[in-house]
Every structure is written in C-alpha cells, then in structure tokens.
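Remarks on the structure that follows.
Just so we're on the same page: letters track the sequence lines, and every chain starts at 1.
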Amino acid sequence: MSTQENSAALTADDHLILVDGSTFIFRAYHALPPLTRKPDGLPVGAVSGFCNMLWKLLQEGLTPEEGDEPTHFAVIFDHSAQTFRSEIYPEYKAQRPPPPEDLVPQFGLIREATRAFSTHCIEQEGFEADDLIATYARQAAEQGARVTIVSGDKDLMQLIGPKIGMIDTMKNKTFGEPEVFEKFGVGPDKVIEVQSLAGDSVDNVPGVPGIGLKTAALLINEFSDLETLLAQAATIKQKKRRENLIEFADQARISKELVTLKQDVPVVIPVGDLSVCEIDGPKAVGFLKAMGFTTLTKRVAETTGADVANVEATDLEVPGWDVPDHKGRMMDRPGGMAAPDADNNSGDSPAPDGLMVPQTVADERAARIGAIPVDSSAYETVTTLEQLQPWIDAAYEKGYVAFDTETTSLDAMQAELVGISLSCKPGKACYIPLTHKDGEGDLLGGGGLLPDQIPLDDALKALKPMLEDRGILKIAQNLKYDWLVMTRHGVDVDPYDDTMLLSYTVDAGKGGNGMDELSERWLGHKPIPFKEVCGSGKSMITFDKVAIDKATAYAAEDADVTLRLWLTLKPRLASDHMATVYETLERPMVPVLARMEKRGISVDRQMLSRLSGDFAQGAAALESEIYELAGETFNVGSPKQLGDILFGKMGLPGGKKTKTGAWSTSAQVLEDLAAEGHPLPSKIVEWRQLSKLKSTYTDALPGYINPETKRVHTSYSLAATTTGRLSSSEPNLQNIPVRTEAGRKIRQAFIAEKGQKLISADYSQIELRVLAHMADIPQLKKAFEDGLDIHAMTASEMFGTPIEGMDPMVRRQAKAINFGIIYGISAFGLANQLGISRGEAGDYIKTYFQRFPGIKDYMEAVKKQVHADGYVTTIFGRKAHYPEVNTKNPNMRAFYERAAINAPIQGSAADILRRAMVRMEDRLTASKLDAQMLLQVHDELIFEVPEDQVEATIPLIKDVMENACDPALKFSVPLQVDARAADNWDEAH
DNA sequence: ACGGCCACTTA
DNA sequence: GTAAGTGGCCGTC
C-alpha cells in the first residue's frame, strides 16, 4: 500500500475506490431488512449495510483476492439539494418525496460511520455527489490510476472507461462498457446524449416527449450526438418524432446540461490525499458498539486488535432522532412520528372499520354447507401456547382441521413463515401470528419482532404432532405451497386434502380453482383481497409487516373458507365418481412435485452470461443490416413500427391482419415475404429469435438462481390446465429451447452436479399411442407393436407408397396430418401448416379418414359426448369440461370441439406420466437408488443421478414409465421410453 | 403501475 | 388445428 506520501500523484499501481454514499443510503434502506438498535429503537438498517460494505471493501477490495485492496478511498455525499442544476432547471429533482422518517437519522450516522472507519468523507456545497465522483475519477484516471465507483446509479455510467469501472455491491454486479451498452444501447461516451433525449422521470429530466431509451439509442447511433441530431431533425422520417425533436430541441439541450456530470469541481481535498489510512481500531469498535452491531464489532476488533471490553461505546448525538417534526413535511404520514409502542393501525384512519364490516353470506348459499356467515371480525388471535391448545384439541376431536400458512413470499422456497391459521368449524377460525414485525411506518419500528406472539419454534413444536398425526386430516388450499413451507421447518404435513385439487378434479375447465374464485362460486363470499392487506406493486409490503388484527381477519378467513370449501366439494368426489381420479392422479402428486421443486436444478450461470453476450452481438449485427435494408432506424421490437416500414414505406404486400386490424408481422408472414425474395423479413425473424432467447432465457434464468441453494426452482401448477397437464412457471422450465442450435446452447447450461449425471427419459409418440388405444385402430396398434416409423407408416397407408426409400416430403405431410388429428384437425389448419390449399388439405383429411375410419368414429363420438355432457374423459376417468361448447357461434363451437377431441388424448398422456411420477420415488428407494426426479416436461422426466448408478437407474425408470398404466388398465399399445444420461440436458435429451 | 396485444418458446 | 408461460411494446390510468 502507498501510505507514504500525501498529495502525491497517483500511479498505475494505485486503486481509488469512490463510494457514492448518498445513493447507497437510499438503496440500503429499501433493499435491506429494517433493523433497530436494541435499547431505543433507533433505526440503523442502512447504517449496518453501509458499515458491512465499507469494512469489506477496505479489507479486501472488490474481490477476496490478495492485492486487490484499494490504495485510495473516499465516500462521497450530497451536501444539499441546492446545486447549480436547480438554477438551470428548477424542476430538477423537485418532485422527490422527502426521505422516510426512519431514514433521516441515518444520514448523519453514516457520515459518522465513515469517519469511525478513518475514511475520507467528502461533500461540497453546490455540487452533487456525482459531480465530485466525476471529478475525482477523471483526475485519478488521468494520473494513470485504476478507479472503481461503488454505486448503482445509472447517471454515473457516463464515466465508465478503460480505467474507470463501477460496481453495485448491493446487487453484486459490475458495470463495464458492455453493461453500459446493454443499458443505454450506446457506449459510455454517448450516454449523456441518450439521456438528454430520453430524459428521466425519477430525476425530472424532461428529455424529448415520445422518446424513450430505445429510440434515443437508435437516434444517437445514427446521428452520433445530440447537436447533429437536432441540426438534422428535419430529415427524420417519423412525423411525430420529427416534430417533437424540433419543438423540444431546447428542452433536450437543458436535459443534456442536467445529466452531464461536472468533471472540474474545484475540490477542496486533492485526489492524492485520499490515500487509505489505517483503521483506528478503538474508534471503529466504539462506534459499532454504540450501534449494537455485535457481529461486525467482533470482527473489526479481531482484525484491528482492539479489545471490545475495554472500548466504550461512542456517545453519539443523532440529529433527526428525538426531533419531533420536520417542518410538517411528512404529510404522507397522518400518524406523524409514532411512539415506539404505537399501534400499527394508527395511520389507517379515518376509516379503520373498512375491513371490519361483517361480510354476510347469502342465506341460501350458507345453507348449502350449513354454515354461518363468514365474518372476518369474529376470529381469534392466538398469542400464547395455552390459547393454542384448545385449537389443537378441537382438531383431535373433529379428526380434521383446515390450515393455512402466511409467509413473506409467493416463492415457497424463499418464503419465511409469518403465521398459521386453523379452523375446525365454519365461522370459527384462529390466526397464530409468529414472526410479525412492526410496520414500516413506525419510526421506532424498523423490524423488531412484535410482542404477543408465540416464539416460532415453540408454536411449531406444539403443532407438529397434530400436523403429522395419521388420525388428523389436514385441509389446505393449494397444499403444495404450505407443504413446502412446513417441510422447510421440519414438519411433514400428512394426511391431507387439498380443496384446489378437489375442485380441479370435479370441475376442470369450468373456471379457475383459486380460493377467492371458489369462495365466490360456492360460498357467495368474496374473501378479503390480498392486496387490501399488503398493497400491490412497488408499495406492497410483506405479510410480516401487516398489523396483527388485520392479519387475523385475512388469514383466519382463509382457513374458514378453506374448511367450508372442503365441506362443499369433498362429497362431490363420491357423487361424481371422481374419488379414484383424485386419490391416484391428484392428491399423491402434491409431495412428489413439492420435492421436485425443492431440489431444483443446476444451471451454469457463466455459460448463460456468455450466451447473452453472443446473442447481443448477433442481434446488434442484425439490427445494422435491418436499418440498412429499411433505409432508416426504427425499433425492431415494435410490430407496429415494423408494419409501417414493411407495408407502408416499402410497399410490400401485406398478407394477414391481426384481430385488432393491424398488419400481421408474424414469422409466417415474414417467411412468406422472404420466399418472394425480400431480404429484410428474414433478418427480422432471425433478430426476434435471438432477442427472445436472450431476454427470456439467458438474461432471465440467472435471476431465478436461489441464493441459498444455487439452483433454479420452478413452480409446478397442478390445476392450471383443462386437460390434466402440469404447467411450470417462475421460471417456466417446460419451454426451454431445443429446436435451433442457438437454443440448444441454453439447454446445455442445465447441468448435473459434479459426480452426477442428468438422465432424460421421454415417451416416444405417447399421444399417437393413446389415440391408437382409445380409437382402437388396428393398423396403428400393429405399427407400434412392430416398432415402425409411425409417420412413414401413415404416409404409406394413405398414399400407397412403400416405407422403404420414402420421399421425406411425403413423410412430412403424413406427420403434419398425425399432429393435426391429435389437435382436432381442420382443413384450414392443415392447409396453413403444409402451405397447401384448403381443398387439397380437405382431400388429405378425407383420404386419412377412409384409411382409418376408426379415427373418424372416435372423433364423432367425442363430439357427441361433449355436446351431450359438457365434458369429455381420459382413459383414467379424468374429466375436462367445455361449458361453452354448445354456443351458437360456429367458429367458437368448432374451436371447443377441437379442444374436446384433443383433451382425452393429451389428458390421458398426462395421466400416464402422473402415474409414473407418483410411483417413481418408491421404486427408486426400494432399489436403493439415489436418483432424484427434478423436472417434468409433459412427456419427459429429468433426473439427477450419481454417475455410478446411471446404468442401474435407466432400466428402472423405463420400467416404471412404460408400465405406468398397470394395473388399473390394460393399455393395448406398448409404451416406449427412450432414456439417456449426460452431463447436461441437451446431450441427455 | 397495469393490462392487452403480439411475438416467441415448449410438448 | 391442441395445451401452456414469458417478455417487450404501447396505450391507459
């Protein structure tokens, strides 16, 4: 370290770290969990985040590697809101709301913290922190030193260059030129040009109306800078854009002044003086002790050799704390500065009874379940173990109990348990708050555990025996979620019923199966909406911040409603003869899927990041070609702008129109145009594919990596489809690309752990086999028994050509027909698919039905059934309802008929896979195999398996899958499963 | 901030 | 022609 000389010029060996203190405070405040100092509730969350960050950077620099420590270091703050910018443009940052009350005292504390760590703390009147950072960064870089700016502020990105980097410690993300390009579409040197056009609503930089980041980048890339653009604005083709650029030219110029950072601030402390000083151990420890940061105190003491016991906590004066008011600016806080023990509800006046209005249920519906009205104010809040016991006793007495968990997240893998509600009798329910914290609005709050709650572990200890007792049926709505949350706390809920699955079993296709919807449908009662409790969007709070009385009304109502739904729906299993479907295809899937979600799958983050770069490059290259061909720049991602170019300016023949009347620019239309010899459309198609791969997969997937498990955990929905298929979301792992070479690279990023392999096992042609079985088609059955190429055989039957040496085009047509049959074929659709006339397609279908009359019979029978009963069934008895099938609208009617034809085929295949999945784990365990089922993709299962067990595992997986129909049903066609092992999903597939 | 539309991905 | 989910754009609130 170069600590020898002050004011010396920096050298290439030096490394200056500039921390953007002001934005750090705000970001830390919002990103980190609220934290208060023990004795007096002083809010210190942001201070804590700041101290940890500061200590880490001072100790090890940006990376834990040796020799990365900074030689120079400063934390820069804003001095006051008044800067030269407010003189240029008074509205600049004018609409900023005042900082939250519990943040105010932390501003001073963070400055104190900086000094306590013997670190330069810099602010200067009339300049924003950004200007000081710009000035220091430029000076240091000019002297050859390396500079790192610690900030997440996009306004600082204009500074990035070869010597100047930026890191967002909160998001653990570094910014270099590629990241700037990613964000602004231009390099760092053009960032201000883009910002002056696009403006910034957060800082109130006006920019030019109608121009966003995307368009701004386009224009700057074309015209190089703002002045050139404004000078040539008259040549812009788009009318509105041209007019705005001319009218708001001066506004753009002002914007540029606002966003341009001042790099020549007359700094009081020269950059050479910012060298890192040795930390004064006792001083730092004294401060940390005063803040009550025990862990960090210990760590700093250890490193500096200070003795914690002998250091007195620094006596701090905290401005902004104990001060009753801030000039009445906190108008958004009706409750004003709340006392430490203030009621969380104090701010909710003047209509606190809005939620308390008794929610009466219509009598006739109440009568249906023999229940009393749902009254969300009548529930009990359980705050002691003594109070909890009667509820547990009631569950034992009844033999069943409805239960529901409240948590901090919709993602069961990250959700923290906040409370549990129970109900054994309609109208009688309780809520057991466990980890509620005081709300955000409380000045003294900042996240302390509220009083009058049973400690989490004690409550779980009391509830676990009941939740796991074989004699008590636990009833939940969407149990998979609660099961996952509870299993993470060591509770295995069993036995159980799931009202969502009950509804899905008896009513699939009749509507949603969510609790609110079911409650309205069956109980005529609208439960308290979640967003009325927690808000929505940016202002949404987590459930642990909800006041306990409000939480009780919401949570206990959920248990009450769940119990009533169970009382209503459970009898229908018997009356509708759906008990077997529920017991074999639905209920047992809950723990199976929950475990799959819990396991997750490994993805190679670096590989995805590299691919993102590759795709970005490819897309950028295509963009240039596209602009060249179009003769102007435009937003390629906008179908509207693309349509104007293709069908307006270039005068190409527009084919189809979308249902809103706009010209369709679908891949089909573009490919047709390409076939006519136009070069532009195929470039667009290519660009769209690349940007889709980038945005949906390579950019988004890393964000789903769970920080704890380092794996990606999808969420399966058991009740989302009409046919019985599962669906996967957040992320959807059932549509990972496979078709194109570029797409398969994404699949290669799904990998097995070291020492393990991925096995992919998929059914071959399962839907056609199901069709052959259900419609009882001798030729098809025979072909499957003989292991023939089914599409070639279909072609051979239809056209009389031998399978040997068949023209691939002929086979392709037969394949399209086979798919068409499964989808409830229409001449229109087949014609579209094959690019032939409706007449020709009709002839094909006629020929097909002549060769396979059983298929025609089957389809007619299904149509007849759906019109008569309103539903169709799979081979295992699952029902798919089509309540609208008898509509008079011929197009809609035909649509529902096709769906009804498809549902037994798709649904039976889904049932078969469900049966395999339900049995798989026991069979693996019985064979002492450690394979873990990770994913399901409709006809495929993916496992992670120890390398040395691969050979033994594959035959067992195949056996379970191929015999999944046994013994319930003798499937008259052999099922064939192909399974392979590899290090990644692409190779295993 | 939210929702509809359009486009893309899969089986 | 069946079944899904997600992301960008763009108009509305």
Heavy-atom closest pair (Thr714(A) atom, Pro731(A) atom, distance to 0.1 Å) is OG1-O, 2.7 Å
NA contact type, Leu726(A), heavy-atom cut-off 4.0 Å: base, sugar-phosphate, or nothing?
-> nothing
Remember a base hit wins even if backbone is also touched, and classify Glu767(A) as base, sugar-phosphate or nothing at under 4.0 Å, heavy atoms.
-> nothing
Looking at every strand, decide which applies to Ile822(A) at a 4.0 Å heavy-atom threshold: base, sugar-phosphate, or nothing.
-> nothing
If you look at every strand shown and take non-hydrogen atoms under 4.0 Å, does Ala894(A) touch a base, only sugar-phosphate, or nothing?
-> nothing
Base, sugar-phosphate, or nothing: which does Asp762(A) touch, judged by heavy atoms less than 4.0 Å apart?
-> nothing
Of all nucleotides in DNA chain C with an atom under 4.0 Å from a non-hydrogen atom of chain A, which is the first and which the last going 5' to 3'?
-> dG1(C) to dG11(C)
Is Ser826(A) touching bases, backbone alone, or none of the nucleic acid, heavy atoms closer than 4.0 Å?
-> base
Indicate whether the side chain of Tyr504(A) and that of Glu586(A) have a donor and an acceptor atom separated by less than 3.5 Å.
-> no
With a non-hydrogen cut-off below 4.0 angstrom, is Ala700(A) in contact with a base, only sugar-phosphate, or nothing?
-> sugar-phosphate
Cation over ring face, Lys879(A) and Tyr871(A), 6.0 Å, 45° | yes
Describe the nucleic acid contact of Ser691(A) in one word from base, sugar-phosphate, nothing, applying a heavy-atom distance below 4.0 Å.
-> nothing
Any luck finding a side-chain donor-acceptor pair between Gln668(A) and Asp672(A) under 3.5 Å?
-> yes
Under 3.5 Å, is there a donor-acceptor pair linking the side chains of Ser764(A) and Asp978(A)?
-> no
Going by atom types only, do Ser409(A) and Gln414(A) share a side-chain donor-acceptor pair under 3.5 Å?
-> no
Please work out if Gly824(A) contacts a base, only the sugar-phosphate, or nothing of the nucleic acid, heavy-atom cut-off 4.0 Å.
-> nothing
So what does Ala831(A) hit on the nucleic acid, given a heavy-atom distance under 4.0 Å: a base, only sugar-phosphate, or nothing?
-> nothing
Within the structure shown, what part of the strands sits under 4.0 Å from Glu730(A) by heavy-atom distance: base, sugar-phosphate, or nothing?
-> sugar-phosphate
Name the nucleic acid region contacted by Arg898(A), choosing base, sugar-phosphate or nothing; use a 4.0 angstrom heavy-atom cut-off, strictly under.
-> sugar-phosphate
Which is true for Phe819(A) with a 4.0 Å heavy-atom rule: it touches a base, it touches only sugar-phosphate, or it touches nothing?
-> nothing
